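Predicted, not measured: the structure shown is a model, and the values here were computed from it. All ligand and atom numbering here is 1-based and tracks the order in the structure.
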Amino acid sequence: GGGADKTVLARGEDRGAPRAAGQGGMLRDIEQAIAGRAIDWHWQPKVDMRNGLILGFEALVRWTHPQIGPVAADVLIETVEQSHLLESFTYLSLDVVLEQFAKVQHLLGDAAICINVSARMLERPGFVSRVVQTTARHRVDPARVMLELTETALIANPAQARRVIEQLHDHRISLAIDDFGAGFTSFGYLREFAVSEIKIDRSFISRFTESRFDQSLVHSLVVLCESLGIPLVAEGVEDPETQAMLVAMGCHAGQGYGICRPMPYENVRGWVEMWNA
Ligand code: C2E
Ligand code: CA
Ligand code: CA
Ligand code: CA
C-alpha cells in the first residue's frame, strides 16, 4: 500500500521527465503552484500509544508536478529553502492548513495541529505576526497550534530565534523541536529555547527493537524530558513491537505508519470517527 507516499522524483534524479526542468524551471513551477494554491497537505495523527487518544495531527506537504509527477516532500522543501520562495511557501502552508483545521477542530477534542516550519523563518521579520494573524483569521485557538522547527542549517542567530520563540509563546503558540538527535539539533536548544515538545528523529526508531544503542538513547531522552517536563514524541513507529517497547520505556506519544499513514485532509473526519469508535 502507501501509494500516496510513493514518489516519482527521488533526491537529485530526474527519471525521464517529459521536459527537462532545470533548477530555474522547477522554481518557476513551484512559484506557480504556490500562487495557484495547487499544493496539498496530508495529515498524520500523533497519538498517546497507551490509550489511542489523539494528541494532534502533523501536516505534511504533498505536491504533484504537472509533468514530472509527485515530488518528495524533503526534495521540495530543500529546493524551497534555498530559494526566494521560502516565505510565500510557509505562509501558504499556514493559511491552507489552518483553514482546514478550522473546519474540523470541533471534532478533535484538544488535539493540536502541527505545522512544519523551517528554522530559517525565525529570522524573517514579521513572522510571528503573520502566524498570529493567520491563526486569528481562521478562528483557531492558538493554544492548539504547534510549529515543528525543522532545520537543515544551524540557526544563525540564536538570540533572535529565542526572542521569536518567546513571542510565539506569549501568543500561546507552541514549538516542537523536530528530528531531535539528527542534523544540527542539539541539547543546547533545550537550554536556550522554550521548547514544548521534542520529536525523536525517525532514524533512532526504525531499528529500535534490535538496536541497544537506540534503546539507550531513547531511554535517556525519556529521563531527560521527564525531568525537564517536556513531552517526548517518537516518530516513524512502524510496528506493534516498537510501539510496545516505547510505551514500556516511558515514551508515550507516537506517530508512524504503524499507527496511521498521512492521509488527505478530506479523510480526517472519517478516520477520527473510525478511530474513536
Ligand atoms: P518530518 O517533519 O520528520 O516528517 C516525518 C516524515 O516521516 C514524513 O515524510 C512522513 O510521511 C514520514 N513518516 C511518517 N511515519 C513514518 C513511518 O512510520 N515510517 C517512515 N519511514 N516514514 C514515516 P514526508 O512527508 O516525506 O516529509 C519529509 C520531510 O519534509 C518532513 O520530515 C519535513 O522535514 C519536511 N516537510 C514536509 N512537509 C513540510 C512543510 O509543510 N513545511 C516544511 N518546512 N517542511 C515540511
Ligand atoms: Ca515534522
Ligand atoms: Ca521529524
Ligand atoms: Ca525530517
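In this structure, I115 and L98 have side chains that are in contact, with non-hydrogen atoms separated by less than 4.5 Å. At a threshold of 4.5 Å between non-hydrogen side-chain atoms, the residues L60 and N116 count as touching.
Because its NZ or CZ atom is both nearer than 6.0 Å to the ring centre of Y257 and within 45° of the ring axis, R261 counts as a cation-pi partner of that residue. A cation-pi arrangement is absent between R144 and F101 under the rule of less than 6.0 angstrom and at most 45 degrees off the ring axis.
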Practice task
Under the side chain to side chain donor-acceptor pair (under 3.5 Å) rule, what do E81 and S118 come out as? Steps first, then yes or no, please.
Solution key: CA-CA 8 Å; E81 279 183 346; S118 162; 3.0 Å; yes
Handout entry: Test log, rule salt bridge (charged side-chain N to carboxylate O under 4.0 Å, His left out), inputs E99 and K103
Key = CA-CA 7 Å; E99 182 179 36; K103 292 184 215 153; 5.2 Å; no
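Taking only non-hydrogen atoms, the option from T90, V96, N116 nearest to atom 42 (N) of ligand 1 is N116. Scanning D74, V117, V80, L60 for the heavy atom closest to atom 31 (C) of ligand 1 points to L60. Across the listed options R202, E58, E235, R202 owns the non-hydrogen atom lying nearest to atom 9 (O) of ligand 1. Heavy-atom proximity to atom 16 (C) of ligand 1, evaluated over W41, F89, Y257, is greatest for Y257. When V237, V97, D178, V75 are checked for heavy-atom proximity to atom 1 (P) of ligand 1, D178 turns out nearest.
For ligand 1 and S118, the ligand atoms under 4.0 Å from any heavy atom of the residue are 44 (N). Heavy-atom contacts of G236 reach the following atoms of ligand 1: 16 (C), 17 (C), 18 (O) (cutoff under 4.0 Å). With ligand atoms numbered from 1 in the order given, ligand 1 contributes 11 (O) to contacts under 4.0 Å with heavy atoms of P262. For ligand 1, the atoms sitting less than 4.0 Å from at least one non-hydrogen atom of G256 are 15 (N), 18 (O), numbered in the order shown with element in parentheses. Applying the 4.0 Å criterion to heavy atoms of Q44 picks out, from ligand 1, the atoms 14 (C), 15 (N). Applying the 4.0 Å criterion to heavy atoms of E238 picks out, from ligand 1, the atoms 17 (C), 18 (O), 19 (N), 20 (C), 21 (N).
Here F180 pairs with F187 under the ring pair (Phe, Tyr, Trp, His ring centres under 6.0 Å) rule; sequence neighbours left out.
Ligand 1 lies out of reach of A72, whose nearest heavy atom is not under 4.0 Å from it. Proximity of R261 to ligand 1 is not established, as no heavy-atom distance is less than 4.0 Å. Taking 4.0 Å as the cut-off, R62 counts as a neighbour of ligand 1 on heavy-atom distance.
For V61, a nitrogen or oxygen atom sits less than 3.5 Å from a nitrogen or oxygen atom of ligand 1, counting backbone and side chain alike. In terms of polar-atom proximity, D179 is counted as a contact of ligand 1, with an N or O under 3.5 Å from an N or O of the ligand. For Q255, no nitrogen or oxygen atom sits less than 3.5 Å from a nitrogen or oxygen atom of ligand 1, counting backbone and side chain alike.
Using cut-offs of 30° and 60° on the angle between ring planes, the pair W275 and W271 is parallel.
Counting only distance, with no hydrogens or angles, the side chain of D239 and the backbone of T242 share a donor-acceptor pair below 3.5 Å.
Applying the 6.0 Å contact sphere to CZ of R137 captures more than 12 heavy atoms from other residues, nucleotides or ligands.
Among the backbone and side-chain atoms of E235, an N, O or S atom lies under 3.0 Å from the Ca ion (ligand 3).
Between D95 and R37 a salt bridge is recorded (basic side-chain N to carboxylate O distance below 4.0 Å). With salt bridges taken as basic N to acidic carboxylate O contacts below 4.0 Å, one links R162 and E192.
Under 4.0 angstrom from ligand 1, there are no non-hydrogen atoms of E81.
For the pair OE2 of E58 and OD1 of N116, the angle whose vertex sits at the Ca ion (ligand 2) is 80° to 10 degrees. Geometry about the Ca ion (ligand 2) gives an angle of 100° between OD2 of D178 and OE1 of E148, rounded in steps of 10 degrees.
Listed by first then second residue, pairs satisfying salt bridge (charged side-chain N to carboxylate O under 4.0 Å, His left out) with a partner in residues 50-59 read D48-R50, E58-K199, not counting sequence neighbours.
Note on D179: its N/O/S atom closest to the Ca ion (ligand 3) is OD1.
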